[in-house]
Amino acid sequence: LVAGATGYAIMVDPGHEECFWEEIGSSTTMGALEYEVAEGGNLDIDITVKDPEGVHVYEGQRETDGKIQFSTKKNGRYEYCFSNDMSTVTAKVVVFEFVDSNSHASDGGDNHDKVLELVQELSSAVNSVNQEQQFMNLRMQIHTTINDGTNSAVVWWAAFETVVLITMSALQVYYINNFFEVRTNV
């Protein structure tokens, strides 16, 4: 098995759809589309995958990430589209990668072909692990950004609460001092 992969990061404007295609030949047996919404709104997007005859292989709505695997029984152009029709204000950044797995039949079944086949399987497994690691690193970056933003908001809110608390304490001391102050008119 030999895997070929191409990764992209795109911006899908509000109310628009971005489509891409892959030309799949006769040696390809499986296709996989791995994607994640990196920025924008609720981090969700609509996705469709169509085979060369226009039949929907996969259709998902308001998804944040995923890995779609499908059998590529038909030769031709497979199309996948990311739609941001549900959003009217926020653009979305989508990171995706298409992987196709090619199978090669061995001719004579000799030892060399078996070793080559094992090396190709190992290469495919290493590529899969590498892709998963890149996917996890992207997720970690997204979650770090969210955590940093939340942490900053909590710090600023705590500072505001501290200022309000000190101000209220000072006003209470001033009020109580004035309340018990004895005034004499001479």
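Everything numeric here is computed off the predicted structure, so don't read it as measured data.
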* Asked: So among E53, E23, E22, which one has a salt bridge (Lys or Arg N to Asp or Glu O under 4.0 Å) with R77?
  ->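 Exactly one candidate clears the test, E23.
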How many angstroms lie between atom [atom1] of [X] and atom [atom2] of [Y], to the nearest 0.5 angstrom?
X: E132; Y: N137; atom1: CD; atom2: CG; value: 10.5 Å
X: M136; Y: Q141; atom1: CE; atom2: CD; value: 13.5 Å
X: E34; Y: L138; atom1: CD; atom2: CG; value: 10.0 Å
X: F82; Y: M11; atom1: CZ; atom2: CE; value: 14.5 Å

* **Sole residue of R139, Q131, Q133 in side chain to side chain contact (heavy atoms under 4.5 Å, CB included) with F135** =>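 Going through R139, Q131, Q133 one by one, the side chain to side chain contact (heavy atoms under 4.5 Å, CB included) with F135 is satisfied by R139 alone.
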* To do: Please name the residue in the list D65, V94, V93, I142 that meets the side chain to side chain contact (heavy atoms under 4.5 Å, CB included) test with L43.
  =>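 Answer after filtering D65, V94, V93, I142: I142.
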* Asked: What's the verdict on side chain to side chain contact (heavy atoms under 4.5 Å, CB included) for H143 and T145, showing C-alpha distance, side-chain angles and the deciding distance?
  -> CA-CA 5 Å; H143 293 300; T145 303; over 6 Å; no
Are [X] and [Y] linked, directly or through other ILVMFWY residues, by side chains that come within less than 4.5 angstrom of each other?
X: V155; Y: V163; value: no
X: V37; Y: I10; value: yes
X: V164; Y: W157; value: yes

* **Selection residues 122-168 - residue pairs positive for disulfide bond (SG atoms under 2.5 Å apart), sequence neighbours left out** =>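 Pairs touching residues 122-168 that pass the test: none.
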* To do: For the pair V12 and I45, evaluate side chain to side chain contact (heavy atoms under 4.5 Å, CB included) and give the outcome as yes or no after the intermediate values.
  => CA-CA 9 Å; V12 184; I45 198 99; 4.3 Å; yes
Do you know the tightest heavy-atom contact between [X] and [Y]?
X: D46; Y: Q61; value: OD1-CA, 3.2 Å
X: S128; Y: K67; value: OG-NZ, 4.4 Å
X: L33; Y: I47; value: CD2-CD1, 3.6 Å
X: P14; Y: H16; value: O-ND1, 3.0 Å
X: D51; Y: K74; value: OD2-NZ, 2.7 Å

* Could you tell me whether D85 atom CG has more than 12 heavy atoms of other residues or ligands within 6.0 Å of it? =>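 Correct, the count exceeds 12.
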* Is the count of non-hydrogen atoms from other residues, nucleotides or ligands lying under 6.0 Å from E79 atom CD greater than 12? ->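 Check passes, neighbour count above 12.
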* **Step-by-step side chain to side chain contact (heavy atoms under 4.5 Å, CB included) determination, F98 to I24** => CA-CA 11 Å; F98 183 83; I24 304 295; 3.8 Å; yes
Say whether, by atom type as modelled, one donor and one acceptor occur between the side chain of [X] and the main chain of [Y] under 3.5 angstrom.
X: S123; Y: V119; answer: no
X: N84; Y: T90; answer: yes
X: S152; Y: D148; answer: no

* Asked: Can you say whether the rings of F179 and Y175 are parallel (under 30°), tilted (30 to 60°) or perpendicular (over 60°)?
  ->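 Plane angle under 30°, so parallel.
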* To do: May I ask you to test the I68-Y35 pair for a side-chain heavy-atom distance under 4.5 Å?
  =>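 Sidechains of Y35 and I68: in contact.
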* To do: Let me see the working for F96 and Y80 under ring-ring contact (aromatic ring centres under 6.0 Å, His included), right down to the final yes or no.
  => CA-CA 11 Å; F96 66 94; Y80 43 96; 5.7 Å; yes
* To do: Show your reasoning for whether salt bridge (Lys or Arg N to Asp or Glu O under 4.0 Å) applies to K92 and D13.
  => CA-CA 7 Å; K92 309 282 174 76; D13 292 324; over 6 Å; no
* **Sole residue of Y58, W21, F70 in ring pair (Phe, Tyr, Trp, His ring centres under 6.0 Å) with Y78** =>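 Option passing the ring pair (Phe, Tyr, Trp, His ring centres under 6.0 Å) with Y78: F70.
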